[in-house]
Amino acid sequence: MQKNYVIGFPRIGEKRELKKVLEKYWAKQSDFGDVKYVASQLKKRHWNYQKEAKIEFISSNDFSYYDNMLDTSILLGAIPKRFENLKNEELYFAMARGNETCVAMEMTKWFNTNYHYIVPEISKESTFKLNSEKVIEEYKEAHELGIKTKINLTGAITYLGLSKSVDNSDVFLHINKVVEVYKELLEEISKLDDEVIVQFDEPLFVKDLDSKVLSLIKPVYDALASVTPNIKIVVTTYFEHSNEATKILVNTPIWALGLDFIYGNKNFDAIELIKNSNKVLIAGVIDGRNIWKSNFQDKIQLLNKISKIVDKENIIVGTSCSLLHVPFTLSYEDNLDKEIKSWLAFANEKLKELSLVSKQFFDFKLNLDEVSIIRKNSEDNNQRKISSKIHNLKIQEEIKNLKVWERVDKFQDRIKVQREFFNYDFLTTTTIGSFPQTPEIRENRKNYKANLISKEEYEAEIKKYIDDCVAFQEEIGLDVLVHGEPERNDMVEYFGEMLDGFAFTQNAWVQSYGSRCVKPPLIYGDVNRENPMTVEWIKYAQSKTSKVMKGMLTGPVTILNWSFVRDDLPRSEVTKQIAYAICKEVDDLQKHGIKMIQVDEAAFKEGYPLRIENIKEYENWAVDNFKLSVSSAKVDTQIHTHMCYSEFNDIIKTIEAMDADVISIETARSGNRLLRIFKEVAYKQEIGPGIYDIHSPRVPSVEEMVKQIKALIEVLPKEQLWINPDCGLKTRKWNEVKQSLKNMVEAVNIIKKGEVK
Ligand code: GLN
Ligand code: ZN
């Protein structure tokens, strides 16, 4: 008995094998048999890795061709009507991605991670019917390899709670039906073996739940845990504490509770109850969301603290959540700095950590190899604390002595000066920054990175792009121009590569949705900007036009939210260092004559905490750091920001507090409905509500855009409005962009002429 437990394991493959075969299959270059073959190889490999690492509780049904929530919809037979004529893989991938006749189901972020799940669609008429094949087959597949797994399922309450009702009916109307299907499934599972463990994931329990949802917990788990005596039920929560649910679950016949002690420190407040009820506690102490090597001593200390409350024999040591949210393995990181690499642990390395931490905690006998790994762990962690790579005293000192944390001038004063200076009348036209990333631009970047072309050749190509981009914008008569961002691969990586304190990996991919993976940078040390990052390019672009050139930067909160962040400093402090770096860039830009600067905060909303009790604190430091990042801007430097969403109702006051002169947002798909909130709160600053949707290749007509602009003017005075697309244009084709922007400018001209009359 190892007494260790992995909530779930990544499935995309250490070399993204699943991604590759799926994309081939979708492109009709291979058949579904190939996908199945790769999947079975991956499952086998992943089970074996866990077995080799001596993990006792290994999952089945954590694998998925696309997404576990989608799998759950299939399992429960919750198939939206429009797909009813489809079967098997056609059905599955049509639900995920749409097909010629059916639109895909919606996708949204899984709690506060960057993973996205397929949102179940529920209506009053929804029916449910068990389809147990995948669950049962996967268990048997592992069994044949000699591995007895626990079975992972999405909890009934989380499943319904995260679904969307297409007819506004109450999603929980169906809770009894879902429980019935699960009971039937448990009956089937009980025949698989003498004893089977079933894990129900209920991350919804970490949110602030109303009493109605809380009242479902007891009946649901009373029912599920009494189906048959040979099934042991585990309920796992993660990403935060779940004290309200814990209090209820201890009074149900479940066997164990899995709690997150990394992101849910407050779980301590309710574990006394676990002791009293004699439940097993799966103590999530190995971080499933970040990539730093565990400090064994700290982990043992944490476990000791837990075991002061819960009896040691009732503790199992676990991961804080599924390892899905970290990259697979460090094995392929040959280019990473050796020292930095010694501070990291990805999913595969975390298995070994988990196993060793549980061995130490339970005083199992260690072999010599293990003793030396433990010694090395302590050395690496001590060395990390004092490494000169991490600590930049100069920058720490500068920040400590900072006097100015926000712009000196008030918006009312700034905007007067700016209006006079820029001399725009109203409905000023601009874009969000990027223009199409062409194959040539990508090729150019790749060749330069591979040392196949010289710096001069690389830069000449970028300049050519900027020339064309500026010429085009002038030709169609946009008011405020941009350089097009041809030198950037990504809005975070570009800046990270030029800042101290960031590292980049070769293979640290994390699944974002379906076959799509992202490779977030690692922020390992104090962030410092030694040299300007964007000034040369923006200056060059400005030299090509007498119109205003808008500089483009990524904001501190977005850089933070899209990176793996060091765990030895509070996130707010890390953000402060990034903000300070951006602040210097803003200053350099304005010193070089750039009078309009956009600081993108695409991921501002993503960082919101899951619990209401933590929101104020996040908002305070996120806003403060945004303000710091533009604090160097002079009264006549106009600061823009951009956010890729439109639902501002709950955070409008925070958005206003960011105090940007102009904000551009995504409202294209909602007409003027979402803009009304700005009017309701008497929002002062200027706004560019995206007037067309850049996420589709469709070119909107002039008439359509005229209509859209008219709808906007109904809500807000035209002097307060800017006209722009709803996001950057980098994913579009030039021919679409050219026509759309031409139409946009023409639409504004039509409205303006109407005004003159
Ligand atoms: N300036 C960036 C661009 O135009 C903004 C991207 C974003 O909001 N996601 O691409
Ligand atoms: Zn955007």
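Numbering of ligands and ligand atoms starts at 1, following listing order. Keep in mind that what you see is a predicted model, and the values were worked out from it rather than measured.
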ask   = Any side-chain heavy atom of P532 within less than 4.5 Å of one from E585?
value = yes

message = For K519, I'd like to know if atom NZ has over 12 heavy atoms of other residues, nucleotides or ligands within 6.0 Å.
response = yes

remark   = Per-atom filter on ligand 1: closer than 4.0 angstrom to a heavy atom of I432 are 1 (N), 4 (O)

message = Do K550 and Q598 pair up side chain to side chain, a donor and an acceptor below 3.5 Å, judged on atom types alone?
response = yes

query = Are R529 and D500 ion-paired here, with the side-chain N under 4.0 Å from a carboxylate O?
reply = no

inquiry  = Looking only at N, O or S atoms in H642, which is nearest to the Zn ion (ligand 2)?
reply    = NE2

inquiry  = I need the single residue from K653, K684, R414, K627 that forms a salt bridge (Lys or Arg N to Asp or Glu O under 4.0 Å) with D659. Which is it?
reply    = R414

ask   = Which atoms of ligand 1 sit under 4.0 Å from any heavy atom of G728?
value = 3 (C), 4 (O), 10 (O)

key: Proximal atoms of ligand 1 relative to H642 (non-hydrogen, under 4.0 Å)   = 8 (O)

Angle subtended at the Zn ion (ligand 2) by SG of C727 and SG of C644, nearest 10° = 120°

ask   = V599 versus T554: any side-chain heavy-atom pair under 4.5 Å?
value = no

message = Closer than 4.0 Å to some heavy atom of G433 - which atoms of ligand 1 meet that?
response = 4 (O)

request  = May I ask you to identify the nearest protein heavy atom to atom 10 (O) of ligand 1, giving residue, atom name and distance to one decimal place in Å?
outcome  = S434 OG, 2.7 Å

